[in-house]
Enquirer: 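Got a structure for you, questions after.
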Amino acid sequence: MPLRPGPVYEEILRAASSVPRGRLTTFGEIARALGDYRAAKAVAEVISIMGRAYGVPWHRVVSSRGEILRGAEDPLREEGVAAQGGRVADLARRLVEAGELEARPILAEMRRAQRILAERVILEDEVERPELVAGADVAYRWERDEEGLPVEVARGAVVVVDADLRVVDGSIQTSPAVMPYVPTYLGFREFPALARALSRLSFDVVMMDGHGIAHPVFFGEASHVGVCLDVPALGVAKRRLVGKVRGEELIYMTRQVGWALPVRPEGRPVYVSPGHKVSLEGSARIFKKFRGGTRVPAPVRLAHKLAQFPKPGEGRPGETSSL
DNA sequence: GCGACAG
DNA sequence: ATCTTGTCGC
Ligand SMILES: [Mg+2]
């Protein structure tokens, strides 16, 4: 099995490759073998898109209810596994459990790294009155490399705005995605695409499209980027990842990890949390000052727009691109 | 079938 | 995140 992509993609494909002929496993079992059941959907995506091209027995990986991937019926029947109505009947008897799969618990290792790095998070304001705020976001797209193998490409964009919300600088970086999206590991997925762009720009604080400490181990994307680049950072998310809302406070594990700030009279709130070198109060202050008139704050909204892959024929010159 | 877990 | 057209309203 050729191993071109990052280690998480590799481990998923390797686990699938360890399922013998005539046996089956599930997306969830592979996810558990990697160390976190949350990765089940990512496993399904990777197996269905990359499985065939990488020569792994993709047809032997099914959902927990026995539902097979499109086109898997024929190759399964060829090895004696019957599928009726898009699902196998004897999953339990043929199942290869997580413990028997060949895979390294890479997600568990990543979780340990998050816990250690989380100790370095500082929840105090480094800059009292930020004047230049960077917004960062990443867009994704599946492509095929020169050899025709499926690869997910990340396009990270950073925009810097001043107090009047005018764009004063920006940067774009395109690179292969290092891992699929798995809830609670977003920082690992997006950091590589953003690091280079962020390090060549000047700003007081970076606003991320995601959470800061409002995370299971208090290390969301904004904390990840903030700590690893040692820059002030906060997270702004459209949806909640953890915690309960009490008034405008977002509470998790008995402590406040952020805010659920109203933007429209009856509209859904925006979740704001400190990432690094920004206080709870500071995060709300920065959000309000740099939001502009839309629900998603200007820096993040502009970065989101800049990150989008240009339509064929509208490519912009001057972009920094690298492998 | 429902709830749910950022992007 | 991505797949995707038009439509409604400020
Ligand atoms: Mg995003």
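Owing to the predicted nature of the structure, the values given are computational and were not obtained by experimental measurement. A, B, ... follow the sequence lines: proteins, then strands. Residue 1 opens every chain.
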Enquirer: Could you encode protein contacts along nucleotides 1-7 of chain B as a string, one character per nucleotide from 5' to 3', using B for base contact, S for sugar-phosphate-only contact and - for no contact, with a heavy-atom cut-off of under 4.0 Å?
Expert: ----BBB

Enquirer: For residues 79-86 of chain A, which side-chain donor-acceptor pairs fall under 3.5 Å, sequence neighbours excluded?
Expert:
| residue | atom | partner | partner atom | Å |
| --- | --- | --- | --- | --- |
| A:E79 | OE1 | A:H59 | NE2 | 3.0 |
| A:E79 | OE1 | A:R60 | NE | 3.4 |
| A:E79 | OE1 | A:R60 | NH2 | 3.2 |
| A:E79 | OE2 | A:G22 | N | 2.9 |
| A:E79 | OE2 | A:R60 | NE | 2.8 |

Enquirer: Earliest and latest nucleotide of DNA chain C, 5' to 3', sitting under 4.0 Å from a non-hydrogen atom of chain A?
Expert: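 Range of nucleotides within reach of chain A: C:dA1 to C:dT2.
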
Enquirer: I want to check something: taking the side chain as every heavy atom from C-beta on, are A:V205 and A:I286 in contact at a cut-off of under 4.5 Å?
Expert: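 They are in side-chain contact.
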
Enquirer: Has A:E131 got more than 12 heavy atoms of other residues, nucleotides or ligands less than 6.0 Å from its CD?
Expert: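 Atom CD in A:E131 is not crowded, with 12 or fewer foreign heavy atoms closer than 6.0 Å.
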
Enquirer: Tell me whether the guanidinium CZ or amine NZ of A:R255 lies under 6.0 angstrom from the six-membered ring centre of A:F218 and within 45° of its axis.
Expert: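 Checked: cation-pi criterion met.
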
Enquirer: Kindly indicate whether the side chain of A:M208, heavy atoms from C-beta on, has any atom under 4.5 Å from the side chain of A:V225.
Expert: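 Touching, per the 4.5 Å side-chain cut-off.
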
Enquirer: Going by atom types only, do A:E152 and A:Y9 share a side-chain donor-acceptor pair under 3.5 Å?
Expert: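 Yes.
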
Enquirer: On the six-membered ring of A:F309, is A:R141 placed so that its NZ or CZ lies under 6.0 angstrom from the centre and within 45° of the ring axis?
Expert: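 Ring-cation test returns yes.
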
Enquirer: Would you mind reporting whether A:I49 and A:W142 have side-chain heavy atoms less than 4.5 Å apart?
Expert: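 In contact.
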
Enquirer: Can you tell me which stems DNA chain B forms, taking runs of 3 or more consecutive Watson-Crick or G-U pairs with both distances under 3.5 Å?
Expert: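 The stems that DNA chain B takes part in number none, since no run reaches 3 pairs.
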
Enquirer: Short of 4.0 Å, heavy atom to strand atom, which residues of residues 284-296 of chain A count as contacting DNA chain B?
Expert: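 Nothing qualifies; none.
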
Enquirer: Side chains of A:E190 and A:Y140: is there a donor and an acceptor less than 3.5 Å apart?
Expert: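 The answer is yes; a qualifying pair exists.
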
Enquirer: Should A:V46 and A:L34 be regarded as members of a common hydrophobic cluster, given that ILVMFWY residues are connected when their side-chain heavy atoms come within less than 4.5 Å of each other, either directly or indirectly?
Expert: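 Yes.
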
Enquirer: Return yes if a side-chain donor-acceptor contact under 3.5 Å exists between A:T294 and A:R301, otherwise no.
Expert: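 Yes, A:R301 and A:T294 have a side-chain donor paired with an acceptor closer than 3.5 Å.
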
Enquirer: Once salt bridge (charged side-chain N to carboxylate O under 4.0 Å, His left out) is applied, what residue pairs with a partner in residues 35-46 of chain A remain, sequence neighbours excluded?
Expert: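 Passing the test, one end in residues 35-46 of chain A: A:D36-A:R38, A:D36-A:R111.
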
